[in-house]
Number of protein chains: 2
Amino acid sequence: MQTRQTRRYHHGDLRAALLTRAEETLREKGPAALSLRELARDLGVSHAAPSRHFKDKQALLDALGQVGFERLGETLTASQEAVGEPFADRLGALARAYVGFATGNAELLDLMFSIKHDPEASEALVRASRNMSTLAIRLIGEGQRRGEVRPGPVDSIALPLFTTLHGFASIAASGPLPSQTPDTDLENVIAFTLRGCAPDTPARDDQSRTPPR
Amino acid sequence: MQTRQTRRYHHGDLRAALLTRAEETLREKGPAALSLRELARDLGVSHAAPSRHFKDKQALLDALGQVGFERLGETLTASQEAVGEPFADRLGALARAYVGFATGNAELLDLMFSIKHDPEASEALVRASRNMSTLAIRLIGEGQRRGEVRPGPVDSIALPLFTTLHGFASIAASGPLPSQTPDTDLENVIAFTLRGCAPDTPARDDQSRTPPR
DNA sequence: ACCTGAACACCGTTCAAGT
DNA sequence: ACCTGAACACCGTTCAAGT
């Protein structure tokens with residue numbers, strides 16, 4: 001009766017338990033304090049047990065990064081659901097979601113983007129990180145159809161857009177900015193990005209300009 | 001005579017030697033391979049010797065980050081010397097210099113920006129990193145005086161500008177971008193940034209537009 | 001299949017002791 | 001002042017062995 005009901009401590013999902021605990025200690029004590037042996041200790045298994053699920057410490061870190069990318073992807077996707085159609089609204093929601101994730105998961109974001117993108121990196125990791133840029137591409141495409149984003153190859157706008165958001169998010173996450181007003185900073189970045197995306201003759205306020213030829 | 005001329009192995013500048021060697025192994029073998037004991041071995045001193053110069057491994061990493069910021073500052077400053085006055089030229093030179101540094105010193109850049117910006121972090125480190133943003137501020141101020149950058153608080157433009165460059169540089173450094181054409185990517189980012197900075201009525205090519213009121 | 005225990009080579013840090 | 005040698009507690013990884 002002990003084999004069926006009393007599987008005693010953790011079994012079936014030591015892998016998941018390792019990832020969960022790893023994320024906790026990453027958040028609470030930083031990346032330097034992340035050790036396989038301590039993880040095993042916390043979970044009450046022998047120090048060699050993790051090797052059944054992750055061949056390497058790096059393999060665990062990669063898996064953690066993958067979780068991070070998947071969760072970031074979900075967060076960004078969700079940000080587009082309760083928001084209006086105008087491009088400015090969608091971009092604002094995306095930017096706020098990205099920055100919110102970055103400041104709420106600073107150590108994880110750092111880990112995600114410091115993973116070596118070797119050709120040999122886990123395919124799932126690569127897929128998860130690419131999924132994110134797809135979102136930016138969709139956003140730009142839609143903005144162009146609405147005439148709120150200047151025409152041109154989607155990538156030539158989506159990549160700068162993404163790097164701007166990512167740059168601000170990662171700097172905001174890695175320490176207080178020189179400026180003491182993070183909210184204003186974010187609004188400035190959003191406004192800057194909107195200008196970078198806008199058509200040559202802004203359609204928003206001023207109708208007295210000459211229309212594009 | 002041995003105390004004056006034959007100081008034997010390294011002495012006077014073990015500290016500098018440690019930093020130099022640390023940067024080499026960081027570049028060649030990555031941050032995970034950076035160990036105080038191996039550094040000491042490489043330099044022919046005992047494994048306890050480094051502690052005379054850096055109280056901690058973290059103290060060495062902070063010092064390494066500081067030299068990184070100083071060198072990046074010099075690189076960016078130098079990029080402004082042999083370039084014309086127009087804002088677009090200056091920005092282009094700055095962006096290319098930043099990305100060049102990032103791709104040429106990927107591991108170091110990563111280390112620089114993953115340093116915890118505690119209030120207790122070395123003052124020199126903080127100063128070195130602030131120096132950089134001063135450059136962006138000067139650039140924007142000058143662009144505004146020339147009428148090539150839209151008016152407004154300098155910070156509201158300088159910060160987005162900086163985050164855009166940094167975001168692209170750090171992504172470009174941390175692995176090949178999805179796109180296979182890094183040069184075009186950089187040009188796209190520069191063009192995007194210029195639009196973000198530009199006055200409402202672009203002064204560049206098309207003179208048939210209505211001038212600003 | 002999943003885990004344990006022991007073993008190995010490597011760490012960072014500290015501290016008495018040497019010169 | 002600057003460095004050594006030994007010691008301590010901690011790693012990651014491997015591998016025979018258990019259930």
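Remember, predicted model here, so these are calculated numbers, not experimental data. Basis for what follows: all heavy atoms, side chains included, without hydrogens, waters or symmetry-related copies.
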- [ ] Return the value, rounded to whole Å, for the distance between atom CZ of B:Arg37 and atom C1' of C:dT14.
- [x] 11 Å
Task: Nucleotide of C:dT14, D:dC3, C:dC3 approaching A:His53 most closely (side-chain heavy atoms) - done: C:dC3
- [ ] Compute the centroid of each ring, for B:Phe162 and then for A:Phe168, and state whether the two points are separated by less than 6.0 Å.
- [x] no
Task: Closest-nucleotide 5' rank along DNA chain D - winner of A:Ala48 and A:Arg41 - done: A:Arg41
Open item on the list: Among D:dT13, D:dA6, C:dC3, which nucleotide has an atom closest to any side-chain atom of A:His47?
Closed with: D:dT13
Task: Nearest-angstrom distance from the residue atom CG of A:Leu36 to P of D:dT14 - done: 11 Å
Open item on the list: Whole angstroms only, please: what is the CG-P distance between B:Leu39 and C:dC10?
Closed with: 16 Å
Task: Test item: B:Arg27 side-chain N/O and B:Gly104 main-chain N/O as donor-acceptor pair under 3.5 Å - done: yes
Task: Of all pairs that satisfy salt bridge (charged side-chain N to carboxylate O under 4.0 Å, His left out), the ones with a partner from residues 85-98 of chain A, not counting sequence neighbours - done: A:Glu85-A:Arg146, A:Arg90-A:Glu142, A:Arg96-A:Glu187
Task: B:Asp13 CG - D:dC2 C1' separation (whole Å) - done: 13 Å
Task: Distance, rounded to the nearest Å, where A:Arg52 contributes CZ and D:dT19 contributes C1' - done: 13 Å
Open item on the list: Distance check needed: D:dT13 P versus A:Phe54 CZ, whole Å only.
Closed with: 13 Å
Open item on the list: Can you give me the dot-bracket string for DNA chain C, 5' to 3', counting Watson-Crick and G-U wobble pairs with both distances under 3.5 Å, using [ ] for crossing pairs and | for partners on another strand?
Closed with: ||.|||||...|||||.||
Task: N or O in side chain of A:Ser51 less than 4.0 angstrom from D:dT14 OP1/OP2 - done: no
Task: Spacing of B:Lys57 atom NZ relative to C:dC10 atom C1', expressed in whole Å - done: 12 Å
Open item on the list: Let's see if you can work this out: which of C:dC3, D:dC3, C:dC11 has an atom nearest to the side-chain heavy atoms of B:Glu38?
Closed with: C:dC11
- [ ] Could you list all the salt bridge (charged side-chain N to carboxylate O under 4.0 Å, His left out) pairs where at least one residue sits in residues 29-40 of chain B, not counting sequence neighbours?
- [x] B:Lys29-B:Glu38
Task: Modelled atom types, side-chain donor and acceptor of A:Asp62 and A:Gln66, under 3.5 Å - done: no
Open item on the list: Would you call the rings of A:Phe192 and B:Phe192 parallel, tilted or perpendicular, taking 30° and 60° as the class edges?
Closed with: perpendicular
Task: Short side-chain N/O contact to C:dC10 OP1/OP2 from B:Ser35, under 4.0 Å - done: no
TODO: From the options C:dA7, D:dT4, C:dC11, select the nucleotide whose nearest atom is closest to the side chain of B:Ala49.
DONE: D:dT4
Task: Given A:Leu91, A:Asn188, A:Leu94, the one that forms side chain to side chain contact (heavy atoms under 4.5 Å, CB included) with A:Thr193 - done: A:Leu91
Open item on the list: Among C:dT4, D:dT4, C:dG12, which nucleotide has an atom closest to any side-chain atom of B:Val45?
Closed with: D:dT4
TODO: Take the protein atom CD of B:Gln58 and the nucleotide atom C1' of C:dT13, then report the distance between them rounded to whole Å.
DONE: 15 Å
Task: Nucleotide nearest A:Ser46 when distance is taken to its side chain, options D:dG12, C:dC3, C:dA7 - done: C:dC3
